[in-house]
Amino acid sequence: MAELQLRSLEKTYGNGFRAVHGIDLDVEEGEFMVLVGPSGCAKSTTLRMIAGLETVSGGEIRIGDRVVNDLVPGKRGIAMVFQNYALYPHMKVTRNLSFGLKLRKMAKPKIARATEDVSGILEIESLLDRLPKQLSGGQAQRVALGRALIKSPDVFLFDEPLSNLDAKLRASMRVRITDLHKRLRREGRPATVVYVTHDQVEAMTMGDRICVMKDGRIMQVADPRTLYARPANAFVAGFIGMPEMNIVDAVLTREGGVPRLSVDRQTVSVPDGLAHRISAPDGPVRLGIRPQHLDIVPAEAADAFTGEVVNVEFMGHEVNLHVRVGPETLVAVAPSAPEIAAVSRGDRLGLMPRGPQIHLFATGEDGANISLSND
Ligand code: ADP
Ligand code: MG
């Protein structure tokens with residue numbers, strides 16, 4: 001059975017605002033689950049209900065084999081790490097680490113051993129005599145991590161723990177946290193993690209699986225590769241991947257059974273490897289193509305969309321070309337080869353969707369992916 005289960009979980013705040021709309025989620029023992037989504041989609045609300053810091057309006061939370069809805073936080077077997085570290089400001093690092101164990105009345109020698117163990121793992125031995133105000137952001141976050149780790153909780157809960165750090169430190173803390181997770185797994189004490197972030201890079205690089213949320217609902221739960229290759233709907237498709245997937249209005253038509261796609265007044269064949277997957281009837285669809293899956297070809301080439309270059313972003317080893325096709329703008333990522341370096345604003349060129357990696361979505365904001373069937 002899953003270590004953590006959410007069943008029809010709901011939250012309506014006191015002011016009547018319905019933040020969480022009955023979500024179901026299973027997190028396996030030892031799994032690193034990331035909750036990701038735009039600001040306001042109820043990631044923190046969900047996490048705080050799991051932690052017991054927020055009441056549950058409906059549904060059930062199970063940790064292990066217990067329903068914990070009505071348990072106080074201290075009895076749930078969880079430890080939480082916040083964005084703002086939440087260290088006790090008047091206590092030295094040692095006491096910040098050991099305080100939770102002292103409250104549990106653990107014997108002193110055992111506490112000392114646990115403190116030594118955890119400070120070794122997180123390389124904070126040299127900081128033990130400092131006060132929180134004498135720590136850098138990265139050091140403080142390591143102490144906060146240690147304070148969670150020392151409790152040996154059943155479930156670790158993280159709420160945007162790296163958001164206050166600069167980009168470089170964030171990158172190294174990402175690795176530190178995933179390494180720690182792997183290490184605990186290797187040592188036979190796997191840590192179940194629910195990690196909240198709005199950052200898709202954190203989600204993709206840290207999660208065993210990722211739960212994408214929007215407006216208090218779950219849009220898809222899958223491992224990073226599946227999420228990228230087989231997004232269940234246009235929302236997930238647009239949220240995961242950089243630059244963002246092009247998702248444009250298109251019309252699907254069949255001529256002699258062969259499906260074709262039109263954007264504005266330009267029509268292209270559906271690439272090989274995709275045609276057989278399309279079961280949608282003829283009519284309006286949303287066409288999704290990642291910028292990496294558009295080849296630059298001459299203007300007016302067959303089976304390509306032709307348009308005017310409206311912006312060129314030089315990224316170093318790549319160039320992002322923004323090309324206006326009727327009312328839509330398509331972004332293509334091209335390697336910065338000499339012939340691409342010569343492209344400038346105002347030029348006309350063709351964009352050819354490559355291979356089977358394009359997607360069709362039902363119309364509407366979060367339209368379902370209708371090109372995943374028959375695989
Ligand atoms: P996230 O962590 O994904 O950014 P939150 O869980 O903090 O989102 O908030 C989800 C929604 O619930 C937001 O629209 C937010 O404004 C609302 N919300 C959060 N806390 C409260 C509260 N105490 N009372 C009313 N609405 C709240
Ligand atoms: Mg939040």
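We number each residue from 1, following the sequence as shown. Values below: every heavy atom of this structure, side chains too, minus hydrogens, waters and symmetry copies. Read the numbers this way: they start at 1 and go in the same order the structure lists the ligands and their atoms.
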Novice: Kindly check if the number of other-residue, nucleotide or ligand heavy atoms within 6.0 Å of CD (E60) is above 12?
Specialist: yes
Novice: Hey, are D26 and R7 close enough for a salt bridge, meaning a charged N less than 4.0 Å from a carboxylate O?
Specialist: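 Yes, charged N to carboxylate O under 4.0 Å.
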Novice: Could you tell me whether the side chain of Q292 reaches within less than 4.5 Å of the side chain of P243, counting heavy atoms only?
Specialist: yes
Novice: In terms of atom number and element, which parts of ligand 1 are under 4.0 angstrom from non-hydrogen atoms of F17?
Specialist: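 Taking each heavy atom of F17 in turn, ligand 1 has 11 (C), 12 (O), 14 (O), 17 (C) under 4.0 Å.
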Novice: In the complex you have, is atom 15 (C) of ligand 1 within reach of the protein, judged by whether a heavy-atom distance drops under 4.0 Å?
Specialist: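 Under the 4.0 Å cut-off, atom 15 (C) of ligand 1 has no protein heavy-atom neighbours at all.
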Novice: Could you find the nearest protein heavy atom to atom 24 (N) of ligand 1 and give me its residue, atom name and distance?
Specialist: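 Answer for atom 24 (N) of ligand 1: Y13 CG, 3.4 Å.
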Novice: Write out the residue and atom name of the closest protein heavy atom to atom 7 (O) of ligand 1, then the distance separating them to 0.1 Å.
Specialist: S44 CB, 3.9 Å
Novice: What atoms in ligand 1 come closer than 4.0 Å to a heavy atom of A19?
Specialist: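 Checking each atom against A19, I get 12 (O).
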Novice: More than 12 foreign heavy atoms under 6.0 Å from CZ of R104: is that the case here?
Specialist: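 More than 12 heavy atoms, drawn from other residues, nucleotides or ligands, come within 6.0 Å of this atom.
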Novice: How far apart are the C-alpha atoms of T363 and R286, what are their side-chain angles, what is the distance that settles it, and do they pass the side-chain hydrogen bond (donor to acceptor under 3.5 Å, both in side chains) test?
Specialist: CA-CA 6 Å; T363 52; R286 304 273 288 156; over 6 Å; no
Novice: Would you call R185 and D208 a salt bridge, taking side-chain N to carboxylate O under 4.0 Å as the test?
Specialist: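 Yes, this pair counts.
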Novice: On the 0 to 90° scale, with breaks at 30° and 60°, tag the F32-Y195 ring pair as parallel, tilted or perpendicular.
Specialist: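 F32 vs Y195 ring planes: tilted.
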Novice: Can you name the atoms of ligand 1, numbered from 1 with element, that are less than 4.0 Å from a heavy atom of N15?
Specialist: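 The atoms of ligand 1 under 4.0 Å from a heavy atom of N15 are 25 (C).
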Novice: What residue and heavy atom of the protein are closest to atom 1 (P) of ligand 1, and at what distance?
Specialist: G40 N, 3.5 Å
Novice: Starting from atom 8 (O) of ligand 1, which protein heavy atom do you reach first, and at what distance in Å?
Specialist: A42 N, 3.3 Å
Novice: Provide the number and element of each atom of ligand 1 under 4.0 Å from a heavy atom of S39.
Specialist: 4 (O)
Novice: Looking at every non-hydrogen atom in both residues, tell me the closest pair between E28 and T192 and how far apart they are.
Specialist: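 Scanning both residues completely, I find the closest heavy atoms to be O-CG2, 3.5 Å.
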Novice: Starting from atom 5 (P) of ligand 1, find the nearest protein heavy-atom neighbour and note its residue, name and distance.
Specialist: T45 OG1, 3.6 Å
Novice: Would you check if the Mg ion (ligand 2) lies under 2.8 Å from any N, O or S atom of T45?
Specialist: no
